[in-house]
J.: 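Sharing a structure with you now.
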Amino acid sequence: MTVKRNDYRGLVRRERGRTFVLMILLLASAVFFLEACGRKDEGITSLEQLNQPGVRIGVATDSTEFSIVEKEFPKAEIVYTKDLMLSFTSVAQGKLDAFVNNRLNMELAIRNGLQGVRLLDATIGDGNVGAVAISPVTKIPNLKDQINEFLREIEKDGTFDDIRERWLVKHDMAMPDIPEAADPKFHLIAATTGVSEPFNCYVNGELSGYDIELARRFALWAGASLEFKIYDYEGIIAAAQAGDVDCIFANLYVTDERRQVLEFSDPTYVVEVGVMVQDTGSHGAADQQGGIAHFLVSLKESFLKTFIREDRWQLFASGAVTTLLLTMLSILFGTLMGFALFMICRRGNRVANALTRFFVWLIEGMPVVVLLMILYYIVFSGTRMSGTMVSIITFTLIFTAAVFNMLKAGVAAVGTGQMEAAYSLGYTDQKAFFRIILPQAIPHVLPSYKSQVKALIKATAVVGYVAVQDLTKIGDIVRSRTYEAFFPLIAVAVFYFLLAGLLIFIVNRIEIRAFAGRRARKEGRDD
């Protein structure tokens with residue numbers, strides 16, 4: 001009995017298909033089994049259960065809760081988390097046993113639809129005291145005294161109580177109409193994060209919140225024009241230290257360590273510290289009741305919250321434009337600078353080559369985010385240069401080093417005999433390089449060049465550290481309002497894929513036109 005080749009191939013494909021389906025079913029069964037085994041009937045119900053070996057308690061990076069958790073739960077493992085919304089999700093999924101944070105933020109998250117979590121009734125610590133942080137190098141005279149006088153005045157006339165009632169009790173997210181100063185005496189630059197509802201967040205595409213209203217009222221009271229800069233919490237204190245901003249209105253708590261590097265105004269609020277844990281009871285009920293229909297409804301609701309409500313798609317569009325602008329300018333300038341650097345070093349100048357080798361070593365050996373922050377907070381700290389411009393400089397330097405190395409490798413792949421042959425035909429050095437060597441080196445360079453373009457656009461995701469609202473930062477801002485992780489993260493990933501595809505398409509079109517023109521000229525000479 002003989003088996004035809006096509007039948008055999010079909011049999012193999014069917015067997016592979018069955019094997020693949022079986023593996024998926026086994027994997028899904030294992031996930032459900034492990035999840036079921038890992039669930040606790042009652043979950044965590046008291047603070048005493050947290051002080052056990054193996055319990056993972058999350059605290060936000062650069063937060064004040066670390067010392068509270070270390071004191072109250074010395075046996076537990078403390079886990080630092082960068083993203084507040086993903087921390088909530090980690091608790092809901094059981095990746096963290098608990099998360100300790102501002103109780104008001106967590107209550108608001110649950111009220112706005114966060115599922116799978118609950119708050120323990122008890123609070124821990126003495127509460128967090130929030131205040132306005134003032135840069136030690138601000139050029140505005142007596143800024144701290146002015147802010148304190150303003151706070152005392154609005155406390156006396158009842159405005160402060162009204163602000164606290166609206167934002168911190170009623171959670172009214174409507175920003176009142178506060179006019180700008182008619183004849184500004186000075187320009188105030190305030191740092192905030194835009195991701196801490198109800199203190200500072202985006203509502204209908206505009207900055208809003210408790211701290212934002214305070215900042216606007218102070219600017220009007222002081223007769224100042226006001227500008228906000230958006231930072232991650234990891235970079236906001238460094239921005240004030242470097243003098244990039246005059247003050248911080250960003251739900252920032254007062255600690256002894258922070259007092260050593262920043263001045264603080266009188267307290268603007270006091271909030272309790274709460275503990276969020278997994279709600280194991282509601283988790284199982286939701287799984288049984290909803291089914292596919294419930295899943296589709298929740299998926300639709302998540303989509304609407306992420307893109308449609310408050311026209312949040314416009315935020316993603318602006319972030320995509322910013323990311324594309326950063327990448328394209330960095331590629332353009334980096335290509336030109338890398339080529340110029342290679343031409344300077346091509347003839348073996350010792351000084352130029354030594355300096356270039358040091359430059360390439362320094363750029364390639366340093367993490368992107370470290371280089372970005374060094375340039376922004378140290379090198380250009382006193383220039384008031386925008387985060388966008390510093391980001392372009394940073395990624396231009398990175399791409400310059402990459403282009404230099406690519407050209408060096410591409411030209412080395414062309415035999416030295418090509419240059420000698422060109423000299424024998426009477427070509428000058430420059431003419432031989434551009435007409436003989438470079439055209440043969442480019443095919444060796446282009447694959448690496450395209451890979452570097454893709455790597456560069458992904459590397460720009462760190463620019464949120466220096467007050468640039470790129471795609472990744474916009475994703476954080478949207479998640480801070482919707483308490484959804486799926487669509488914001490997927491949208492950011494899709495946008496990066498599209499932008500990378502667009503840039504590679506442009507490079508390919510340039511490549512096709514360049515080689516087509518060169519072939520046409522060659523054929524013309526042959527005729």
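None of the values given here were measured: they were computed from a predicted structure. Quick note: numbers below take in every heavy atom, side chains included, and nothing from hydrogens, waters or symmetry partners.
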J.: Around atom NZ of Lys305, are there more than 12 heavy atoms from other residues, nucleotides or ligands closer than 6.0 Å?
T.: yes

J.: Is there a ring pair (Phe, Tyr, Trp, His ring centres under 6.0 Å) between Phe307 and Phe303? Walk through the geometry before answering.
T.: CA-CA 6 Å; Phe307 298 107; Phe303 179 85; 5.0 Å; yes

J.: Do the non-hydrogen side-chain atoms of Phe66 and Val100 ever get within less than 4.5 Å of each other?
T.: no

J.: Does Leu315 offer a backbone N or O that forms a donor-acceptor pair with the side chain of Ser318 under 3.5 Å?
T.: yes

J.: Give a yes-or-no answer on whether the side chains of Thr472 and Tyr496 include a donor-acceptor pair shorter than 3.5 Å.
T.: yes

J.: Would you check if Ile57 and Asp97 make a side-chain contact, meaning some heavy-atom pair closer than 4.5 Å?
T.: no

J.: Step through it carefully: locate the ring centre of Phe395, locate the ring centre of Phe399, and say whether they are under 6.0 Å apart.
T.: no

J.: Within the side chain of Thr89, is there an N or O that forms a donor-acceptor pair under 3.5 Å with the backbone of Met85?
T.: yes

J.: Could you walk me through whether Tyr423 and Thr428 satisfy the side chain to side chain donor-acceptor pair (under 3.5 Å) test, starting with their C-alpha distance in whole Å, then the side-chain angles of each, then the deciding distance to 0.1 Å, before giving a yes or no?
T.: CA-CA 7 Å; Tyr423 287 150; Thr428 62; over 6 Å; no

J.: Please walk me through it: do Asp429 and Arg346 pass side-chain contact (heavy atoms from CB on, under 4.5 Å)?
T.: CA-CA 11 Å; Asp429 179 71; Arg346 188 174 69 87; 2.4 Å; yes

J.: Checking side chain to side chain contact (heavy atoms under 4.5 Å, CB included) between Lys454 and each of Thr327, Ile504, Leu503, which is the one that passes?
T.: Ile504

J.: Within a reach of under 6.0 Å around NZ of Lys95, are more than 12 heavy atoms found that belong to other residues, nucleotides or ligands?
T.: no

J.: Could you measure the distance from the OG1 atom of Thr396 to the CE atom of Met337? Nearest 0.5 Å is fine.
T.: 7.0 Å

J.: Would the number of heavy atoms belonging to other residues, nucleotides or ligands and lying under 6.0 Å from CZ of Phe497 be above 12?
T.: no

J.: With the side chain counted from C-beta on, respond yes when Ile392 and Phe333 share a heavy-atom pair under 4.5 Å apart, and no when they do not.
T.: yes

J.: Treating Asp311 as the side-chain partner and Gln314 as the backbone partner, does any N or O pair qualify as donor plus acceptor under 3.5 Å?
T.: no

J.: To the nearest 0.5 Å, how far apart are OH in Tyr80 and CD in Glu65?
T.: 10.5 Å

J.: With rounding to the nearest 0.5 Å, note down the distance linking OH in Tyr377 to CG in Leu372.
T.: 8.0 Å

J.: Do Arg481 side-chain atoms and Tyr202 backbone N/O form a donor-acceptor pair below 3.5 Å?
T.: yes

J.: Taking all atoms of both residues into account, what is the closest heavy-atom pair of Leu96 and Ser87, and its distance?
T.: CD1-O, 4.3 Å

J.: Could you pull out the closest heavy-atom pair between Pro488 and Val478, with the gap in Å?
T.: CG-CG1, 4.2 Å

J.: If we count only N and O atoms by modelled type, under 3.5 Å, do the side chains of Thr193 and Asn200 hold a donor and an acceptor together?
T.: yes

J.: Please check if the side chain of Asp232 supplies one atom and the backbone of Glu234 the other of a donor-acceptor pair under 3.5 Å.
T.: no

J.: For a 4.5 angstrom cut-off between non-hydrogen side-chain atoms, does Val466 reach Ser391?
T.: yes

J.: May I ask you to check whether Phe316 and Trp313 place their ring centers less than 6.0 Å from one another?
T.: no

J.: What are the two closest non-hydrogen atoms of Tyr376 and Gly387, and how far apart are they?
T.: CE1-CA, 3.5 Å

J.: Could you check whether atom CE of Met389 has more than 12 heavy atoms from other residues, nucleotides or ligands sitting under 6.0 Å from it?
T.: no

J.: How far apart are the closest heavy atoms of Pro136 and Ala240, and which atoms are they?
T.: CD-O, 3.7 Å

J.: Taking CE in Met173 as the centre, count heavy atoms belonging to other residues, nucleotides or ligands within less than 6.0 Å. Is the count above 12?
T.: yes

J.: Within the structure provided, determine whether Ile237 and Arg258 are in side-chain contact (heavy-atom separation under 4.5 Å).
T.: yes

J.: Looking only at atom types and distance, does a side-chain atom of Arg56 sit under 3.5 Å from a main-chain N or O of Ile78, one as donor and one as acceptor?
T.: no

J.: Using side-chain heavy atoms (C-beta onward) and a distance below 4.5 Å, is Leu326 in contact with Val468?
T.: yes

J.: So with a 6.0 Å cut-off around NZ of Lys450, is the heavy-atom count from everything else above 12?
T.: yes

J.: Quick one: CD1 on Ile331 to CG on Leu336, what's the gap to the nearest 0.5 Å?
T.: 12.0 Å

J.: Heavy-atom distance under 4.5 Å between the side chains of Cys201 and Val195, does that happen here?
T.: no

J.: Step through it carefully: locate the ring centre of Tyr465, locate the ring centre of Tyr231, and say whether they are under 6.0 Å apart.
T.: no

J.: Report the C-alpha distance between Leu397 and Phe359 in whole Å, list the side-chain angles of each, state the deciding distance to 0.1 Å, and finish with yes or no for side-chain contact (heavy atoms from CB on, under 4.5 Å).
T.: CA-CA 9 Å; Leu397 294 177; Phe359 163 76; 3.9 Å; yes

J.: Just how far is it from atom CD1 of Ile189 to atom NZ of Lys139, taken to the nearest 0.5 Å?
T.: 10.0 Å

J.: Testing the basics here: between Gln93 and Gln278, what is the closest heavy-atom pair and its distance to 0.1 Å?
T.: C-NE2, 4.1 Å

J.: I'd like to know if the side chain of Ser135 pairs up with that of Asp246 as donor and acceptor (distance under 3.5 Å, no hydrogens or angles considered).
T.: no

J.: Within the 4.5 Å heavy-atom criterion, are Leu499 and Thr323 side-chain neighbours or not?
T.: yes

J.: Tell me the closest heavy-atom pair linking Ile398 and Ile363, and the distance in Å.
T.: CA-CG2, 3.7 Å

J.: Give the intermediate values and the outcome of side-chain contact (heavy atoms from CB on, under 4.5 Å) for residues Thr335 and Phe339.
T.: CA-CA 6 Å; Thr335 300; Phe339 185 80; 5.5 Å; no

J.: Quick one: does Ser451's side chain have a donor or acceptor within less than 3.5 Å of a partner on Pro447's backbone?
T.: yes

J.: Going through the distances and angles, do Phe404 and Val360 end up as a side-chain contact (heavy atoms from CB on, under 4.5 Å)?
T.: CA-CA 8 Å; Phe404 175 82; Val360 171; 4.0 Å; yes

J.: Are any side-chain N or O atoms of Asn353 and backbone N or O atoms of Cys345, one a donor and one an acceptor, separated by less than 3.5 Å?
T.: yes

J.: Could you check Asn102, Asp211, Asn251 and say which one makes a side chain to side chain donor-acceptor pair (under 3.5 Å) with Ser196?
T.: Asn251

J.: Nearest 0.5 Å please: distance from the CD1 atom of Ile248 over to the NZ atom of Lys229.
T.: 12.5 Å

J.: Where the side chain of Asp470 meets the backbone of Lys473, is there a donor-acceptor pair that is under 3.5 Å apart?
T.: yes

J.: If you measure from the Lys or Arg side-chain nitrogens to the Asp or Glu carboxylate oxygens, is any gap between Asp476 and Arg479 under 4.0 Å?
T.: yes

